[in-house]
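One structure is given here, and the rest of the page talks about it.
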Amino acid sequence: MPPRLFLPTARQTNWLLVIGFLALGEALYLRYLAIEYATISLACQAGLKTWLCGTFSLVINLFNHGVFGWVALGAALVNLLRPSIGLVAIGLAASGFGLVLHNADLSGLAVALLIISLARPAPAAE
């Protein structure tokens, strides 16, 4: 009998969809209503102290270092070696942010590795 593949259950898939869409929605919100919206962007760069400007500066710093792509790629690589639903969720959320916020090279590779990890055998029950 062939080994059972790593496939999330229906409940886990629903949670992964929620996590993915929330990450994608937040990334789109930050990009189009903070980073690329000139009024907000200039106000934040001038020193406005709001939660949106704090998030704006955090996202810009993380983008400059490619953190979204590297986190997504790291989670996807570890998930490829040892499949886990938590690693899929982390990789999916980081990939969503990376694809929207211009870390697409590493995030795209991470998405491909997450898809490939579905063909891996599930870890043995302990």
Side-chain angles (χ1 to χ4, degrees):
M1 183 167 141
R4 186 176 63 88
L5 297 179
F6 174 68
L7 292 174
T9 64
R11 180 174 293 196
Q12 291 170 338
T13 302
N14 287 337
W15 279 108
L16 288 175
L17 285 170
V18 168
I19 290 168
F21 282 127
L22 284 176
L24 194 63
E26 179 66 21
L28 287 169
Y29 176 80
L30 287 171
R31 179 174 174 185
Y32 292 112
L33 294 178
I35 296 170
E36 291 186 9
Y37 190 52
T39 307
I40 301 296
S41 179
L42 291 173
C44 290
Q45 291 173 7
L48 184 64
K49 300 292 182 200
T50 62
W51 70 269
L52 184 60
C53 291
T55 308
F56 172 87
S57 63
L58 176 68
V59 166
I60 294 296
N61 286 330
L62 293 177
F63 160 74
N64 286 335
H65 299 292
V67 172
F68 299 118
W70 284 112
V71 167
L73 185 61
L77 283 172
V78 173
N79 185 60
L80 189 62
L81 298 174
R82 180 86 169 130
S84 161
I85 197 68
L87 289 171
V88 172
I90 291 169
L92 189 63
S95 293
F97 268 91
L99 288 171
V100 172
L101 298 171
H102 301 295
N103 289 139
D105 48 353
L106 294 173
S107 296
L109 180 59
V111 169
L113 290 175
L114 286 173
I115 292 169
I116 290 172
S117 71
L118 294 174
R120 298 281 299 161
E126 296 177 11

Leu7 side, atom CG; Thr13 side, atom OG1 - distance, nearest 0.5 Å = 8.5 Å
Under 4.5 Å between side-chain heavy atoms, hopping through other hydrophobics if needed: is there a path connecting Trp51 to Val59?
-> yes
Connected hydrophobic set around Leu87, excluding itself, where side chains approach under 4.5 Å = Val78
Listed partners of Thr9 passing side chain to side chain contact (heavy atoms under 4.5 Å, CB included), at least two apart = Arg11, Gln12
What residue pairs, at least two apart or across chains, pass disulfide (SG to SG under 2.5 Å) with a residue in residues 27-111?
-> Cys44-Cys53
With Leu33, which residues qualify under side chain to side chain contact (heavy atoms under 4.5 Å, CB included), at least two apart?
-> Tyr29
Indicate the atoms forming the closest heavy-atom contact of Ala34 with Leu52, along with that distance.
-> CB-CD1, 4.0 Å
Side-chain cluster (under 4.5 Å, hydrophobic types only) that Leu17 belongs to, other residues | Phe21
Between Ile40 and Ile60, is there a shared hydrophobic cluster once you connect ILVMFWY residues whose side-chain heavy atoms come closer than 4.5 Å?
-> yes
How far does OG1 of Thr55 sit from CD1 of Ile35, to the nearest 0.5 angstrom?
-> 10.0 Å
Are Phe56 and Leu30 close enough, and set up right, to give a side chain to side chain contact (heavy atoms under 4.5 Å, CB included), and what steps lead you there?
-> CA-CA 7 Å; Phe56 172 87; Leu30 287 171; 5.9 Å; no
What is the minimum heavy-atom distance between Ala27 and Gly96, and which atoms define it?
-> CB-O, 4.2 Å
Besides Phe63, the hydrophobic cluster formed by Ile, Leu, Val, Met, Phe, Trp and Tyr side chains linked at under 4.5 Å, directly or via other members, contains none
What one should report as the nearest heavy-atom pair of Phe97 and Glu26 is CZ-CG, 3.7 Å
What side-chain donor-acceptor pairs closer than 3.5 Å can you find for residues 110-119, not counting sequence neighbours?
unit_1	atom_1	unit_2	atom_2	d
Ser117	OG	Asn79	ND2	2.8
Ser117	OG	Leu114	O	2.6

Taking C-beta and beyond as the side chain, do Leu16 and Ile85 meet within less than 4.5 Å on heavy atoms?
-> yes
Determine the minimum heavy-atom distance between Gly91 and Ala72, stating which atoms define it.
-> O-CB, 4.0 Å
Non-neighbouring partners of Leu24 that pass side chain to side chain contact (heavy atoms under 4.5 Å, CB included), sequence neighbours left out = Leu28, Val100
For Ser41, what residues pass the side-chain hydrogen bond (donor to acceptor under 3.5 Å, both in side chains) criterion, not counting sequence neighbours?
-> Gln45
Within residues 87-116 or reaching into it, pairs that qualify as side-chain hydrogen bond (donor to acceptor under 3.5 Å, both in side chains) - sequence neighbours excluded = Arg31-His102
Hey, could you give me each pair passing disulfide (SG to SG under 2.5 Å) that has a residue in residues 80-122? Not counting sequence neighbours.
-> none
With sequence neighbours left out, the residues meeting side chain to side chain contact (heavy atoms under 4.5 Å, CB included) with Leu62 are Leu58, Val67, Phe68
